[in-house]
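Bear in mind the structure is a predicted one, so any value in this text is a computation, not a measurement. Hydrogens, waters and symmetry mates play no part in the numbers below; they use all other heavy atoms, side chains included. Proteins get letters first, then strands, A, B, ... in listed order; numbering begins at 1 in each.
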There are 2 protein chains.
Amino acid sequence: MGITKSEHFSEHQNELANLLKALGHPARVAIVEYLIQHKQCICGDIVSELPLSQATISQHLRELKQVGIIQGNIEGNSICYCLNPSVFEQINQYMGVVIESVNKNKCC
Amino acid sequence: MGITKSEHFSEHQNELANLLKALGHPARVAIVEYLIQHKQCICGDIVSELPLSQATISQHLRELKQVGIIQGNIEGNSICYCLNPSVFEQINQYMGVVIESVNKNKCC
DNA sequence: AAACTATATTGCAATATTACGATATATATA
DNA sequence: TATATATATCGTAATATTGCAATATAGTTT
């Protein structure tokens, strides 16, 4: 197999899983952190900052874009990337609910 | 290839990515949510709640255990599972930092 | 227009993940 | 002890992911 049985799970479960999966690779975490560190949109030069080929980074950027984690605006002949905070807020909120409900029902 | 170049990234980046990757599958999200809904440790019966075979669920449970998301205690001839809130707190904290830093530096 | 720069896409090889049947293991119960 | 129940592991097939060289595309500059 190798195919995830998405149809058996709720839309919410699939969406959340896709979001977390997109962040579930060190190169993509590194891209997010690079965007944070630079405190602004980055036009170009992500490739030179990471130890991966241009093709590979382009692929990772596409995955991050697909789930809305980053946004890319064309700026001349380069592309300006920035983070979309609402996605992180969504994850944050979900984790908050988990934490709250676990703390309310300790048993192990 | 297919092999992630973990050695090129920081320990922190690899750890976070592993954690998020473990949650990046709808079946594993469903397992977490099932544990939340039941407001207590679940001894057995996870298999009958999910539309996947026993072998597949056992595999997913192992992945969740490996990164510390769940804990399993042997209880008679079944196993008692519960969530580990500290992992979720870790993710929550990370997301908080991202949100804060993005909101501080809007530019797109 | 030609050359240059930045990013995306294609094609492919290597490896990882997902899923499950079959089987193993371990405890509980008759 | 034999049988039942619960979970783990093995083996395997199908599919996905990762990574990169080569190439394509699009804008910029000379």
Once hydrogens and angles are ignored, does a donor-acceptor distance under 3.5 Å link the base of D:dA8 to the side chain of B:Gln54? yes

In whole angstroms, the gap separating P of C:dA28 from CD1 of B:Ile74 amounts to 10 Å

Here the distance between atom C1' of D:dT23 and atom CD of A:Gln59, to the nearest Å, is 15 Å

Separation of D:dT9 atom P from B:Ile57 atom CD1, nearest Å, is 16 Å

Judged by nearest nucleotide, the residue sitting upstream toward the 5' end of DNA chain C, A:Ile79 or A:Ile3, is A:Ile79

Taken to the nearest 0.5 Å, the spacing of B:Gln59 CD from B:Ser53 OG works out to 8.5 Å

Side-chain atoms of B:His60 come closest, of C:dC20, C:dA19, C:dT17, to C:dA19

Considering only heavy side-chain atoms of A:Ser58, the closest of C:dT9, D:dT7, D:dC20 is C:dT9

If pairing means Watson-Crick or G-U wobble with both distances under 3.5 Å, then the partner of C:dA30 is D:dT1

Assign each of B:His25 and B:Glu75 the nucleotide of DNA chain C bearing its closest heavy atom; nearer the 5' end lies the nucleotide of B:His25

Checking B:Arg28, B:His25, B:Lys21 against B:Glu63 for side-chain hydrogen bond (donor to acceptor under 3.5 Å, both in side chains), the one that qualifies is B:Arg28

Checklist entry - Reckon B:Arg62 has a side-chain N or O less than 4.0 Å from the OP1 or OP2 of D:dT7? => result no

